[in-house]
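Hydrogens, waters and symmetry mates play no part in the numbers below; they use all other heavy atoms, side chains included.
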Protein chains: 2
Amino acid sequence: MSTSLSNAPYHHGNLRHALLDAALLMLQRDGEAGLGLRDLARAVGVSPAAPYRHFDSRAALLEALAVTGFQRFTAAMNAVAASQPPDLLAAMGQAYVRFALDNAALFRLMFSPQLKRDNRPGLRMAADAAFATLRQVRDGDSASGRIAALAAWAKVHGLAVLLLDGQIALQPGEDIEALIGAIIGQH
Amino acid sequence: MSTSLSNAPYHHGNLRHALLDAALLMLQRDGEAGLGLRDLARAVGVSPAAPYRHFDSRAALLEALAVTGFQRFTAAMNAVAASQPPDLLAAMGQAYVRFALDNAALFRLMFSPQLKRDNRPGLRMAADAAFATLRQVRDGDSASGRIAALAAWAKVHGLAVLLLDGQIALQPGEDIEALIGAIIGQH
DNA sequence: ACCTGAACACCGTTCAAGT
DNA sequence: ACCTGAACACCGTTCAAGT
């Protein structure tokens, strides 16, 4: 809310940060489609051309946002692993889904087809780093370990996406955390 | 390819169909973001305002496209169930993922956050119908049946989405159908 | 080095007017 | 009833010019 009032000169590299901060707010409020570069410039109090000193295009801005999303996601995953919970897999699954629900628009952007990972090595690296911790939980060396890890990943990711889309209906009085736990418990 | 050459008068309700057909082609070629209403009108050989006689907005056109996607998906699922395969759950899972991979852009549109199902009863109904068959496989009446059904659904849907996004890497020489089967087999 | 102002080539959408 | 032509209010992006 203070971003739109600031008229200080952005001459020390802070415009990039100010743009990313404001963009995250706009993303959470209006979704990816509602995140306009001109709106963003307006919100930060700068001319429509100014963002182009810091981002090549709107897509590049979105990519930077998605990369920070993966970094936060990585941190959340590592924090769970570091806390050494009794059931690591279940705890990471819970954290995975919770992150998606708590950061809906950002999570969707991280997996948006608009940002093709093929042409964006920075995004691919950030995504790979995020899933590295997840892979270690069950992976091991055996082939069956790999399949089990992929199956667990797919289940948790699918659960996150379906909940995000409102496809899974909660039963009256049902706790969402409990539902997540029950579904993850179904090995 | 013949669509752009037609200059016949669209005066008998065929413009709506022509628009949807051309839109599906554009969607598959350029993705949702590349599907412009003016481009579409150009491709069909009609003025920029003409589509508005048949669709309230670009979003309404996308919704109609998504609804046909769910209808095709429903048909594919019902076909599998009707063929009475030995392992119904595995067969439906295979068909689910195969549909996603064979109709990537359409599948993404069906689950696009751009189309909020809350405000679009037609889309919600089409989606519910599509998943009804899937639910019957494992659902039953018991609470554990519901959880098992949701877990299977989440796993298959997550697998489809992660494959679509290129997040799951195939090992050298690995067959994708076999991978799908192995992951679905992990109950 | 970083930002402004004005422009370019587009959009989606509306509306009078044509047939 | 269905479509056209022209317009409106926007976009993302570029580029000369300012400081």
Chemist: Leu19(B) CG to dG12(C) P: how many Å, rounded?
Modeler: 13 Å

Chemist: Side chain of Leu37(B), heavy atoms from C-beta onward: which of dT13(D), dG12(C), dT4(D) has the nearest atom to it?
Modeler: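 Of the candidates, dG12(C) comes closest.
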
Chemist: Could you say whether Pro48(B) or Ala59(A) is positioned toward the 5' end of DNA chain D, judged by the nucleotide with the nearest heavy atom to each?
Modeler: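 Per heavy-atom nearest nucleotide, the more 5' residue is Pro48(B).
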
Chemist: Counting only Watson-Crick or G-U wobble pairs whose two distances fall under 3.5 Å, which nucleotide matches dG18(C)?
Modeler: dC2(D)

Chemist: Specify the separation, in whole Å, of atom CG of Leu62(A) and atom C1' of dG12(D).
Modeler: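 Spelled out: CG on Leu62(A) to C1' on dG12(D) is 12 Å.
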
Chemist: Using atom CG of Asp56(B) as one end and atom C1' of dT13(C) as the other, report the distance to the nearest whole Å.
Modeler: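 Going from Asp56(B) (CG) to dT13(C) (C1'), I get 12 Å.
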
Chemist: Check every atom of dT4(D), dT13(D), dT14(D) against the side chain of Ala49(A) and return the nucleotide holding the closest atom.
Modeler: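 So the side chain of Ala49(A) is nearest to dT14(D).
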
Chemist: Determine which nucleotide pairs with dG12(D), using a 3.5 Å limit on both distances of a Watson-Crick or G-U wobble pair.
Modeler: dC8(C)

Chemist: Using whole Å, report how far OH of Tyr52(B) lies from P of dC11(C).
Modeler: 12 Å

Chemist: Which nucleotide wins on minimum distance to the side chain of Asp39(B), given the candidates dT4(D), dC3(C), dC11(C)?
Modeler: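 Output: dC11(C).
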
Chemist: Counting side-chain heavy atoms from C-beta on, which of dC3(D), dT14(C), dC3(C) comes nearest to Val46(B)?
Modeler: dC3(D)

Chemist: For the pair made of CZ in Phe55(B) and P in dT13(C), what is the distance, rounded to whole Å?
Modeler: 13 Å

Chemist: Can you confirm whether more than 12 heavy atoms, excluding those of Arg72(A), are under 6.0 Å from its CZ atom?
Modeler: no

Chemist: Quick one: His54(B) NE2 to dC3(D) C1', roughly how many Å, whole number?
Modeler: 9 Å

Chemist: Rounded to whole angstroms, how far apart are CG on Leu61(A) and P on dC11(D)?
Modeler: 15 Å

Chemist: With a 4.0 Å cut-off on heavy atoms, is Arg38(B) in touch with a base, just the backbone sugar-phosphate, or nothing at all?
Modeler: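 It contacts base atoms.
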
Chemist: Write down the distance between CG (Leu15(A)) and P (dA1(C)), rounded to a whole number of angstrom.
Modeler: 17 Å

Chemist: When you check the phosphate oxygens OP1 and OP2 of dT14(D), does a side-chain N or O of Arg53(A) lie under 4.0 Å from one of them?
Modeler: no

Chemist: Counting N and O atoms only, with roles assigned by atom type, does the side chain of Asn103(B) sit under 3.5 Å from a partner on the main chain of Leu106(B), one being a donor and the other an acceptor?
Modeler: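 Answer holds: no.
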
Chemist: Please identify which of these residues, Gln114(B), Arg120(B), Arg58(B), meets the side-chain hydrogen bond (donor to acceptor under 3.5 Å, both in side chains) condition with Glu63(B).
Modeler: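 Exactly one option meets the side-chain hydrogen bond (donor to acceptor under 3.5 Å, both in side chains) with Glu63(B), and it is Arg120(B).
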
Chemist: What is the minimum heavy-atom distance between His157(A) and Val161(B), and which atoms define it?
Modeler: NE2-CG1, 3.8 Å

Chemist: Ignoring hydrogens and angles, tell me if any N or O in the side chain of Thr74(A) forms a donor-acceptor pair with the backbone of Phe70(A) under 3.5 Å.
Modeler: yes

